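See structure below.
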Amino acid sequence: MGYARILKDSSGKPSGYRECDGEVAFMPEQQSYENIFRRVKIDIDTMEILNHDFIKDKQRVYRKGMLLSGITPEGFHIFNPAYIGNHQVIYTPYGNAKIARPETFETLDNGIGVHGPEGYGRDAEFVYFFTYSTETRHAVRLKTCKNPAAFTVLSDGYTKDDDRVYFWQVTVKRAISQSFAVLSDGYARDDKHIFWRDQLLKTNVQNFLILGDGYASDGVRIFGRGKQLDTTPEAFTLLSDGYACDDKQIFWGDRSLNVDYASFEVLEDGHAEDRYHHIHGTTIKKKSGEIRV
């Protein structure tokens, strides 16, 4: 008897399938210590490893070692890390994506999120969103979008269609889709408004300027991560690593930090210190313990 080899996909990543002496089986990760296998009936000569869970040959498609009944291998492929399937069915990494019209499905981004597979797709009827950090196995329908063909993925979490603007599927109220544009640091604008994420800011649109590290100014007000700070443009100074100051306060994002102003100093990699504390963002650690502000 030979040794089982791990089968790899086209990019060289190992799958959950093993081959030994012409037989192929799937070994669930959580049961690997028990050596429990699910043998699959597959033609070695036409076998294709799609990713960790999916394998197919000229006649069949399997997911986690289970035959997908009624699903043909024709056109069954990886769209991106968030979606896989064909004209009959679309899957997410968790299960059936529940796409209404899989034969018209297309992805709208690269399917890569901060924590894992994540992305938008659409068919002729709906726009869908799947995120890896959810208990929902299927892709969620963006029901407020009435015209999927007009839906566009922008950047920094923003999307829009011909009627609405969204920030992570939440409608950005009063945003004008036709003139909407993403700026940077979470800020965006249209012809009449400035936004931070899904929040409308009270600000002078024409004079609005991004300063960096989440800070912005309209010549009268200073904003930190969308919140108006208790300071003025004349007194405000951008430091580094997210820190800023005026003539009496130290800021990090949308907060004024309870630190010793006179001895405050920015270090490296988001760290700072004063004579009493080690500081990392809003975490302030005394030599005798830790407090949060």
Side-chain angles (χ1 to χ4, degrees), residues 1-126 128-141:
M1 185 179 225
Y3 292 97
R5 66 184 179 96
I6 298 174
L7 299 179
K8 299 179 179 181
D9 64 21
S10 59
S11 66
K13 293 181 180 180
S15 74
Y17 293 88
R18 311 288 190 271
E19 185 270 332
C20 181
D21 294 338
E23 290 192 342
V24 176
F26 181 82
M27 185 170 68
E29 290 179 303
Q30 69 273 20
Q31 297 175 341
S32 60
Y33 64 93
E34 298 176 0
N35 292 323
I36 296 176
F37 293 86
R38 295 174 184 161
R39 285 189 173 86
V40 299
K41 182 180 180 181
I42 201 157
D43 178 53
I44 296 291
D45 293 333
T46 60
M47 175 180 68
E48 182 180 351
I49 311 301
L50 298 173
N51 61 16
H52 184 275
D53 294 343
F54 287 86
I55 189 174
K56 73 174 185 177
D57 63 12
K58 62 182 179 180
Q59 293 182 316
R60 313 167 188 87
V61 181
Y62 291 88
R63 176 178 180 266
K64 295 185 177 182
M66 305 294 289
L67 178 66
L68 301 184
S69 179
I71 303 302
T72 67
E74 179 187 359
F76 201 98
H77 70 287
I78 296 172
F79 288 87
N80 61 35
Y83 299 99
I84 182 172
N86 65 1
H87 60 286
Q88 296 171 299
V89 65
I90 306 294
Y91 282 87
T92 72
Y94 287 164
N96 193 323
K98 297 185 179 180
I99 305 300
R101 297 277 299 278
E103 73 278 8
T104 63
F105 181 77
E106 62 177 334
T107 55
L108 300 176
D109 52 37
N110 62 12
I112 301 173
V114 175
H115 302 292
E118 178 177 280
Y120 289 92
R122 68 181 168 205
D123 63 13
E125 294 186 32
F126 301 101
Y128 304 86
F129 179 74
F130 173 78
T131 176
Y132 201 71
S133 55
T134 180
E135 295 180 356
T136 303
R137 292 179 177 272
H138 60 271
V140 176
R141 294 175 180 177

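Everything numeric here is computed off the predicted structure, so don't read it as measured data. Values below: every heavy atom of this structure, side chains too, minus hydrogens, waters and symmetry copies. Heads up: numbering here begins at 1 and tracks the sequence.
- The aromatic rings of Y120 and F129 are tilted relative to each other, their planes meeting at an angle between 30° and 60°.
- For R38 and F26, the positive end is not near the middle of the six-membered ring at less than 6.0 Å and at most 45° from its axis.
- The salt bridge (Lys or Arg N to Asp or Glu O under 4.0 Å) test with E23 is passed by exactly one of K41, R39, R18: R39.
- In this structure R101 satisfies the salt bridge (charged side-chain N to carboxylate O under 4.0 Å, His left out) test together with E103, E125, sequence neighbours excluded.
- Here the closest non-hydrogen pair linking F130 and P93 is CE2-CD, 3.5 Å.
- For the pair E118 and A82, the tightest heavy-atom approach, listed with the atom from each and the gap, is N-CB, 3.9 Å.
- A side-chain contact (heavy atoms from CB on, under 4.5 Å) with E19 is found for one member of I6, V24, I49 and no other, namely V24.
- Remark: the backbone N or O of K58 is not paired with any side-chain donor or acceptor of D43 at under 3.5 angstrom.
- Of the possible polar contacts, none joining the E106 side chain to the G121 backbone as a donor-acceptor pair under 3.5 Å is found.
- The local environment of CD in E74 is sparse, with at most 12 non-hydrogen atoms from other residues, nucleotides or ligands closer than 6.0 Å.
- Side-chain N or O atoms of K56 include one that pairs as donor or acceptor with a backbone N or O of F76 at under 3.5 Å.
- T92 contributes a side-chain N or O that, together with a main-chain N or O of G95, makes up a donor-acceptor pair within less than 3.5 Å.
- Y132 is not listed as a side-chain neighbour of H115, based on a closest heavy-atom distance of 4.5 Å or more.
- When all heavy atoms are compared, the tightest approach of T104 to D123 is OG1-CB, 3.2 Å.
- Q88 and P102 get closest at one heavy-atom pair: O-CG, 3.5 Å.
- Exactly one residue among Y17, Y91, Y83, Y62 makes a ring pair (Phe, Tyr, Trp, His ring centres under 6.0 Å) with F54. That residue is Y91.
- The backbone N or O of D9 sits nowhere less than 3.5 Å from a side-chain atom of E48 that would complete a donor-acceptor pair.
- Side-chain N or O atoms of R63 include none that pairs as donor or acceptor with a backbone N or O of D53 at under 3.5 Å.
- Side-chain N or O atoms of T136 include none that pairs as donor or acceptor with a backbone N or O of H138 at under 3.5 Å.
- Note: F79 and H77 have tilted aromatic rings, judged against thresholds of 30 and 60 degrees for the angle between ring planes.
- The CD1 atom of I42 lies 10.0 Å from the CG atom of L67; values are rounded to the nearest 0.5 Å.
- Remark: the backbone N or O of T72 is paired with a side-chain donor or acceptor of N86 at under 3.5 angstrom.
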